[in-house]
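Step one of this worksheet: look at the structure below.
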Amino acid sequence: MMWRTAPLRTSRPRFALVRRLLLLGILGVLHSQLQPSEVLLLYALCGFFILIPMTFLPPAKWARWILFIIGALLIAVGGWVGGWMLIAGLFVVGFLAGQARIPERIASSTHTRRVSAFIALACAALSLFGFWLKEAVENGNASATPGQLPTLLMAAGYVAMFITLLRTPACRVLTQIFAPLGKMSLTNYITATLLMMVAKYLAPGGWWESGTVAAWITTFASCAVILAMQWAWSKAWQQRFEQGPLERVWRNFTWWGKSKSNSQQSPSQK
């Protein structure tokens with residue numbers, strides 16, 4: 001979605017994308033010192049090796065269909081065996097979806113609620129079956145494991161469920177809850193690690209790794225408290241500032257230098 005407007009903002013849009021990914025990678029390296037399983041560095045690498053080459057994609061439909069098939073295969077194989085292929089496939093399909101204006105089409109379609117509700121229910125059923133199969137494999141009652149596909153289906157089900165709810169009267173409440181968090185997603189992602197480190201320090205003993213019911217309840221409660229704190233912090237910050245602190249740094253680093261459209265923008269647009 002950013003790439004659609006980048007050529008309008010600067011005469012060197014790919015350099016802007018490189019700077020954006022470079023800062024994301026630096027944040028990922030620093031963040032990995034606190035959270036080894038963090039994803040920002042992987043996202044930056046996928047951006048360098050997938051997104052930037054895809055900006056040279058010819059406008060022909062056949063090229064986009066070929067890449068979509070490749071992305072779908074990467075998602076399927078990566079979801080089964082795990083690893084970087086899943087993220088790579090999601091990046092390919094996500095880029096194509098942005099270029100095809102899929103988010104705008106979802107927002108404007110009159111069939112969105114029915115289709116997304118069906119997808120949510122289908123993903124819920126398939127993910128439950130996948131998790132049951134994984135448990136059967138662990139107990140020795142089955143031989144084929146579905147890998148990360150149940151988790152991927154569950155994530156897709158959540159997305160479809162929210163799209164459905166956003167086409168109902170619940171939209172206003174959901175927007176009030178999630179918009180402040182989403183507008184500061186990078187800042188909240190990093191600070192969540194810091195808050196979780198505080199929680200582990202205050203309650204030592206590895207409760208988050210024990211796998212017991214009590215551990216699940218404690219982890220869920222900790223996440224709920226962290227989300228509530230981040231919502232309050234995000235809401236208060238956005239009452240005074242347009243963007244979160246890391247989001248502001250990220251944008252300034254991305255669009256570093258003279259913008260091509262500066263002279264054409266009104267003061268309010270700048």
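Quick note: residue numbers are just sequence positions, from 1. Because only heavy atoms are used, hydrogens play no part in the values below, and waters and symmetry mates are left out as well, while side chains stay in.
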Looking at CE of Met54 and CG of Leu51, how far apart are the two atoms once the value is rounded to the nearest 0.5 Å?
-> 7.5 Å
Nearest 0.5 Å please: distance from the CD1 atom of Ile50 over to the CD1 atom of Ile87.
-> 9.5 Å
With side chains defined as the heavy atoms from C-beta onward, is the minimum distance between Leu181 and Leu227 less than 4.5 Å?
-> yes
Modelled atom types, side-chain donor and acceptor of Gln243 and Arg251, under 3.5 Å | yes
Min side-chain heavy-atom separation Met154-Phe131 under 4.5 Å = yes
Considering all heavy atoms, the nearest Thr254-Arg19 contact = O-NH2, 2.9 Å
If two hydrophobic side chains count as joined below 4.5 Å and joins carry through other members, does Phe95 share a cluster with Val39?
-> yes
Please work out which of the three classes, parallel, tilted or perpendicular, describes the rings of Trp237 and Trp233, given edges at 30° and 60°.
-> tilted
Please say whether more than 12 non-hydrogen atoms of neighbouring residues, nucleotides or ligands are located less than 6.0 Å from CZ in Arg172.
-> no
Would you kindly say whether Thr112 and Arg167 are connected by a side-chain donor-acceptor distance under 3.5 Å?
-> yes
One should read off an interatomic distance between Arg101 CZ and Ile106 CD1, to the nearest 0.5 angstrom, of 14.0 Å
Measure across Pro103 and Met1 and return the closest heavy-atom pair with its distance rounded to 0.1 Å.
-> CG-SD, 4.1 Å
Pair Trp132 + Phe129: ring centers closer than 6.0 Å = yes
Verify, without hydrogens or angle tests, whether Ser127 (side chain) and Pro150 (backbone) share a donor-acceptor contact under 3.5 angstrom.
-> no
Measure the shortest side-chain to side-chain distance between Pro245 and Met184 over non-hydrogen atoms and say whether it is less than 4.5 angstrom.
-> yes
Quick one: does Leu166's side chain get under 4.5 Å of Arg113's, heavy atoms only?
-> no
Ring pair (Phe, Tyr, Trp, His ring centres under 6.0 Å) partner of Phe91, chosen from Tyr43, Phe49, Phe48 = Tyr43
Under 30°, 30 to 60°, or over 60°: which ring-plane class applies to Phe162 and Phe178, parallel, tilted or perpendicular?
-> perpendicular
Lys183/Glu242 salt bridge by N-O under 4.0 Å criterion | no
So, do Val93 and Leu74 sit near enough that their side-chain heavy atoms are less than 4.5 Å apart?
-> no
Among Glu38, Gln35, His31, side chain to side chain donor-acceptor pair (under 3.5 Å) partner for Thr193 | His31
Linked, directly or transitively: Ile52 and Ile26 (ILVMFWY side chains, under 4.5 Å) | yes
Would a 4.5 Å heavy-atom cut-off, applied to side chains only, mark Leu42 and Cys46 as touching?
-> yes
Any side-chain heavy atom of Gln99 sitting closer than 4.5 Å to one from Leu57?
-> no
Might you point out which heavy atoms bring Thr10 and Ala16 nearest each other, and give the distance in Å?
-> CG2-CB, 4.4 Å
Does some side-chain heavy atom of Ile70 sit less than 4.5 Å from a side-chain heavy atom of Leu73?
-> no
Would a hydrophobic clustering, with Ile, Leu, Val, Met, Phe, Trp and Tyr connected at side-chain separations under 4.5 Å, put Tyr158 with Ile163?
-> no
In terms of heavy-atom contacts, Ala160 and Ser116 come closest through CB-O, 3.4 Å
Nearest heavy-atom pair of Gly25 and Leu41: which atoms, and what distance?
-> O-CD1, 3.8 Å
Take atom CZ in Phe68; do more than 12 heavy atoms of anything else shown fall under 6.0 Å from it?
-> no
Does Arg14 make a cation-pi contact with Phe56, if we ask for NZ or CZ under 6.0 Å from the ring centre and within 45° of the axis?
-> yes
Considering all heavy atoms, the nearest Asn188-Ser234 contact = ND2-OG, 3.2 Å
Side-chain heavy atoms under 4.5 angstrom apart, residues restricted to Ile, Leu, Val, Met, Phe, Trp, Tyr: same cluster for Leu121 and Leu165?
-> no
